[in-house]
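Down below is the structure, laid out as structure tokens.
Residue numbering restarts at 1 for every chain, and letters A, B, ... go by the order of the sequence lines. Just so you know, these numbers come straight off a predicted model, no measurement behind them. Values below: all heavy atoms of this structure, side chains included; hydrogens, waters and symmetry mates excluded.
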Amino acid sequence: MDTAIMTQPTICEKSRPLPAELLYIQYSHAHEKQYLPSIRALISKDLSEPYSIYVYRYFLYQWGDLCFMALSPHTSPLSPRLTGVVISKLEPHTPPSHSSPTTLRGYIAMLAVSSSYRNHGIATTLVRKAIDAMIERGADEVVLETEESNVPAMKLYERLGFLRSKKLHRYYLNGSSAYRLVLHLKGVGEMMGDKGEGIDGVV
Amino acid sequence: MSSYSLVIDNVVQQSADVNIEGGVDPNNPSATTFATWNSEPPPAPRLKSNGVVATDITEQFINATQQFEVGELIKDPFFTLFEAVGALEIMDPKMDSGYLEPGETMEDDYDFSQPLLPEEIIGIIDQLICHEIAWHKGHPLGQTIFTSLYIDRLLDPCPTNLSETFFDRSESCSDETLNHQVLRAYCLGLVKTCCFVNERIKAEHFYEEEDFVTHTFHRSLLENIHVDDVLQLLLDTLERLSSTTNISGELKAALRCRLEFREAFLKTAEEAETRTSMQNIKDRWLALQILLPDLKSSTSLGKPFPTSFSAKLQRKLASTVPPRPIVELSWDTAYEHLERLCRDGSVAAEVLKYYDSHSLMTFVLLFQARKPQPSVYIRTLLQHYIFGDMVILGSMSVRQVLDDDLASTVLPAHKLLDRNNDEIEHPSDPRFNMANQMEVFRARAAGSYLDILRTICQNRCRIRRTLCRLVADWEVLQLDAEELDVDLRKFASEKPIKDREISSEPIYSFPLSSWAYLYKLRQMEWLVQMGFELEVYQPDELASMYWYVQYLARTRTRHLERIRGFDVRNFNDARRRPDFSDEKQMEFMNALSFVNHSTMEATATYNLADALSCVFTILGRLSLIPIPPRPYSTDLQRYEVRMKPFQLIGLPELIPFEELSKVVAQPEGSSIDILEYASESVTAAKKGFEQISKLSPKDAYCQGSYDSWLKNTKDCLKAAIFTGITIATVRKAIESTPRNGQVKIKAEIPATGKGYHDWWVVPKVVAIP
């Protein structure tokens with residue numbers, strides 16, 4: 001709930017071949033000066049309410065390695081243009097009712113591809129890179145929300161294996177509803193087992 | 001402690017921003033503004049508070065922040081995403097509530113003494129109607145009604161009586177123009193109506209911001225002014241209007257119907273709260289509804305007066321966010337909503353007439369399923385009617401309803417529900433113990449039972465989400481009730497059934513846990529069915545999800561059979577006893593009739609669900625349902641996501657994934673055999689829904705909502721008929737396709753609202769060339 005105004009900007013994709021010249025790079029703090037302004041510009045284009053710079057830094061400073069940029073050196077090789085970005089986090093999540101175990105939960109907070117570069121699978125590649133990085137860090141599951149009318153985004157995530165777990169009524173500030181999408185990366189038994197081992201390890 | 005350090009973090013962060021922004025873009029307004037600020041720092045605020053010694057740390061602070069790298073984040077572990085999202089950037093016009101464009105003023109310069117034409121009054125009133133409805137639909141007052149400069153004038157400063165509400169403060173009562181008085185009376189009536197609506201919604205269960213925004217930004221909605229004074233002003237204004245000769249007849253009529261509308265709406269909002277007379281509430285809503293067509297036909301006479309609305313007014317409200325755009329709701333949308341509000345309000349009042357506990361539940365279920373769903377105000381009124389002051393429907397105790405429900409299912413004419421037990425004071429008397437233990441049960445079960453009703457009063461998404469929790473709660477209730485059943489058995493001297501064919505053990509009835517199980521099963525079915533309505537499932541999940549519906553409904557019929565068995569046995573025993581009465585006979589008949597009706601309904605449900613599950617399985621076999629590649633998950637992992645709400649349910653047990661995929665895919669069955677089976681099931685479903693639709697309101701336990709119930713049943717029947725057509729089409733296509741050929745059909749899955757019933761997703765199969 002604490003991310004109630006997060007949104008997944010409109011993306012639209014079809015499976016056409018990627019332009020060969022695109023570069024995908026993992027974000028790190030050193031990129032801030034060069035890319036943060038264009039990251040903000042790209043994402044806020046599709047938002048009715050802007051995020052303050054804290055929101056970006058909240059993610060980028062703590063989980064820069066889970067954020068990826070698609071760059072097009074085509075325009076200018078020395079300062080490649082940002083054409084897409086995914087911003088995520090990964091944290092332990094304890095369900096409020098303690099009905100299920102604490103999991104290491106990835107969250108895809110923002111995803112945007114510049115309109116002239118859509119339909120090339122850029123968003124899918126970015127999301128896959130973020131999920132791969134989460135898997136490497138031992139994530140149990142990945143969740144996100146997307147606007148109910150954003151069919152292309154839902155298709156993208158569902159093609160990767162996400163399921164809609166619930167519908168959230170009037171979730172966004174603009175009054176539209178959302179779906180929560182969930183991807184389990186491990187079996188439930190394994191998620192519980194992991195925690196058991198952790199406790200044993202401590203003992 | 002933590003909040004103090006948070007503030008510091010924010011400040012640190014902000015000064016770091018100033019540095020970057022200044023370096024990156026010298027034209028950035030924030031950079032230039034802060035440059036000015038840097039050269040002329042304002043004096044430090046004087047902090048005066050007992051026990052607080054203020055120290056100026058500006059210099060240390062600036063030194064400290066200069067040690068940071070650009071973009072470095074200093075935060076304590078309690079600084080969450082929520083706080084990051086709540087942070088503001090000064091001088092960003094979308095975030096900074098005090099930011100002004102060059103030449104922009106902080107407040108509007110509006111002349112409240114300017115004369116207004118009757119056409120303009122109509123224009124302003126109709127705009128206010130749109131804003132009022134936008135507020136009803138979930139937008140904040142700040143972006144709707146509170147954008148009116150006239151409303152702001154009335155509420156700020158907060159008036160203590162009507163003489164403090166003149167728009168033109170140089171005026172007195174005697175020289176207010178008629179047009180101004182019409183507008184003022186209308187606005188006062190509007191705000192007072194909002195006050196009733198807001199208080200009602202706040203008092204019930206709803207979700208702030210999601211359903212509605214009750215926030216009044218520290219403005220009083222005329223709480224200090226009595227409703228009768230406002231009503232009187234409206235009547236006085238109507239009288240003054242009728243005696244004037246300065247306004248043409250048409251415009252006069254348009255103003256009159258707006259004042260009458262406001263008076264009627266205010267009275268309705270005031271009296272909708274009372275639960276004494278259902279008829280009075282219905283009459284109020286109907287009287288309001290009758291006035292609407294005149295509003296509609298005369299709205300074209302109005303002349304918009306947009307300068308009397310301003311988004312800037314939000315700056316005066318207690319809010320940290322900058323002004324957001326005024327919500328634009330069209331007249332047609334507002335009017336439609338208003339009409340529906342009247343209709344729904346009038347129907348909601350009908351809940352006050354109690355027939356039986358099952359009819360009550362049916363009423364609420366069907367009322368909430370109306371499309372579009374009744375608005376939050378009506379839904380909170382409904383909650384007030386049902387639960388207000390913990391007096392059910394204004395006249396009954398929770399115990400009465402609960403006992404009614406138990407008597408009409410598992411305990412007809414049973415000594416456990418005998419009120420005379422309450423009078424026994426001797427602890428060794430079994431009747432004393434029965435009364436005692438039943439009270440323990442009621443205390444435990446009442447909350448869970450009322451939660452079902454409360455839950456189905458929420459928005460559709462919340463109903464499904466809350467059912468996930470309720471199902472877990474009822475699982476525990478069932479187990480608790482089982483212990484009580486064992487205890488009560490000896491006090492009630494229950495004789496078990498001994499049937500060697502079923503079990504070598506004696507079989508006891510377990511009435512309370514049996515009752516809990518019945519409700520748990522129903523909620524599990526609703527939970528799965530709501531998933532269809534909310535389009536939560538992907539196309540290739542539909543076969544399994546309908547398989548689950550049939551599994552749950554089938555389990556329910558078997559459980560109902562068990563309940564019936566004990567009811568019949570108890571009936572036969574009771575009949576032989578000398579104290580058997582007509583009243584007891586009726587109770588038994590009623591319970592058997594309810595069990596009978598539920599069995600019919602559950603049977604039709606499992607038959608249709610079974611048929612649909614088979615249809616989707618065959619469409620899958622024919623590759624007519626897309627299956628995404630899903631490189632990151634396995635079928636088992638997705639099954640675990642989907643079935644999470646049922647994971648903790650012991651009975652009926654969750655079917656293991658391997659088993660489920662086998663029973664759904666039916667690998668051994670030929671497609672024609674499976675379709676043959678589906679066809680038989682759907683025929684049985686059709687017959688079932690047809691029979692059900694012929695039941696009387698009493699036998700269908702839908703007294704008070706028969707028409708909606710009949711429509712719902714007929715919609716299920718239509719879904720069954722349509723399923724039959726789909727089965728026949730698919731079968732024909734398969735039979736006319738040569739071996740190993742691709743069938744020449746495609747399947748379309750209707751979106752929610754496009755089929756006959758949202759709980760029954762029937763694929764439409766059409767031939768392709």
Side-chain angles (χ1 to χ4, degrees), chain A residues 1-6 29 32-33 36-37 44 48-62 89 97 99-100 107 109 128 131-132 135 141-142 148 154-155 158-171 173 175 177-179 182-189 191, chain B residues 10 13 17 20 23-25 69-73 75 79-89 92 94-95 137-139 207 209-211 321 324-325 458-462 464-465 468-469 472 531 534-538 541 628-634 636-638 640-642 644 647-648:
Chain A
M1 277 325 287
D2 57 355
T3 55
I5 66 160
M6 288 289 150
H29 189 56
E32 157 138 354
K33 202 170 175 178
L36 186 55
S44 56
S48 55
E49 312 286 326
Y51 295 141
S52 76
I53 192 149
Y54 304 99
V55 178
Y56 295 94
R57 288 201 179 124
Y58 176 84
F59 289 105
L60 294 173
Y61 194 74
Q62 301 185 83
K89 67 170 180 162
S97 55
S99 52
S100 33
Y107 178 72
R128 293 192 69 147
I131 297 175
D132 290 340
I135 291 173
E141 55 176 345
V142 186
E148 70 169 322
M154 267 184 298
K155 283 236 161 78
E158 287 173 347
R159 273 203 305 269
L160 294 175
F162 284 82
L163 281 193
R164 301 178 201 181
S165 72
K166 52 183 119 171
K167 189 170 177 184
L168 309 160
H169 183 65
R170 283 174 49 89
Y171 184 71
L173 276 175
S177 298
Y179 284 103
V182 176
L183 173 72
H184 276 190
L185 295 167
K186 295 177 185 168
V188 170
M191 290 185 205
Chain B
N10 277 337
Q13 198 50 44
D17 288 343
I20 337 158
V24 170
D25 182 7
E69 252 184 87
V70 170
E72 197 172 338
L73 190 68
K75 63 167 205 73
F79 187 80
T80 63
L81 177 56
F82 183 77
E83 277 135 352
V85 167
L88 301 172
E89 269 175 76
D92 182 319
K94 280 180 163 174
M95 289 185 242
K137 287 168 83 79
H139 296 283
Y207 294 90
E209 293 197 351
E210 181 176 310
D211 287 313
V321 292
R324 299 198 347 227
Q458 303 306 312
N459 69 57
R460 305 302 283 171
C461 299
R462 284 285 175 179
R464 180 172 175 273
R465 291 168 69 183
C468 296
R469 284 202 295 278
L534 297 174
E535 301 183 295
V536 164
Y537 313 127
Q538 286 177 45
E541 289 183 89
R630 297 169 175 147
Y632 285 98
S633 76
T634 64
L636 172 63
Q637 283 162 2
R638 282 193 312 282
E640 287 178 342
V641 171
R642 182 57 70 218
K644 206 174 159 203
Q647 211 178 28
L648 299 168

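Here the closest heavy-atom approach between residue A:Y58 and residue B:F79 is recorded as CE1-O, 3.7 Å. Between B:R630 and A:G161, the shortest heavy-atom contact is CG-CA, 3.6 Å. Of all the heavy atoms in A:R159 and B:P631, the pair that sits closest is O-CD, 3.4 Å. When every heavy atom of B:L81 is checked against every heavy atom of A:V55, the shortest pair comes out as CD1-CG1, 4.4 Å. The two residues B:A87 and A:Y54 make their nearest non-hydrogen contact at CB-CD1, 3.0 Å.
In this structure, chain B has a heavy atom under 4.5 Å from the backbone of A:F162, while its side chain stays farther away. Of the two parts of B:K137, only the backbone, made up of N, CA, C and O, holds a non-hydrogen atom closer than 4.5 Å to a non-hydrogen atom of chain A. Both the backbone and the side chain of B:E535 have a heavy atom closer than 4.5 Å to some heavy atom of chain A. Heavy atoms closer than 4.5 Å to chain A are found in both the backbone and the side chain of B:L534. Proximity to chain B (any heavy atom under 4.5 Å) is shown, for A:E148, by neither the backbone nor the side chain. Contact annotation for A:L60: neither backbone nor side-chain heavy atoms come within less than 4.5 Å of a heavy atom of chain B. If you measure heavy-atom distances from B:R460 to chain A, you find no contacts under 4.5 Å at all. The contact between B:Q637 and chain A is made by backbone and side chain atoms together, counting heavy-atom distances below 4.5 Å.
In this structure, the separation between CD on B:E640 and NE2 on A:H184 is 7.5 Å, given to the nearest 0.5 Å. Between atom CD of residue B:E541 and atom CZ of residue A:R164 there is a gap of 9.0 Å, rounded to the nearest 0.5 Å. Distance CD/B:Q458 to NE2/A:H169: 10.0 Å, rounded to 0.5 Å.
Counting heavy atoms from C-beta outward, B:Y632 and A:V142 have side chains that stay 4.5 Å or more apart. Using a 4.5 Å heavy-atom cutoff, the side chains of A:V182 and B:K644 are not in contact.
Between chain B and the options A:R128, A:H29, A:Q62, the largest number of non-hydrogen pairs under 4.5 Å is found for A:R128. With chain B as the partner, the residue from A:I131, A:L163, A:D132 showing the most heavy-atom pairs under 4.5 Å is A:L163. The candidate from B:H139, B:Q647, B:R642 with the greatest count of non-hydrogen atom pairs under 4.5 Å with chain A is B:R642.
Not a single side chain to side chain donor-acceptor pair (under 3.5 Å) links B:R464 to another residue, sequence neighbours left out. A:R170 pairs by the salt bridge (Lys or Arg N to Asp or Glu O under 4.0 Å) definition with nothing, not counting sequence neighbours.
In this structure a side-chain-to-backbone donor-acceptor pair under 3.5 Å is missing from A:E158 to B:P628.
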Report the C-alpha separation of B:E210 and A:L168 in whole Å, then their side-chain angles, then the decisive distance to 0.1 Å, and conclude whether the side chain to side chain contact (heavy atoms under 4.5 Å, CB included) test is met.
CA-CA 9 Å; B:E210 181 176 310; A:L168 309 160; over 6 Å; no
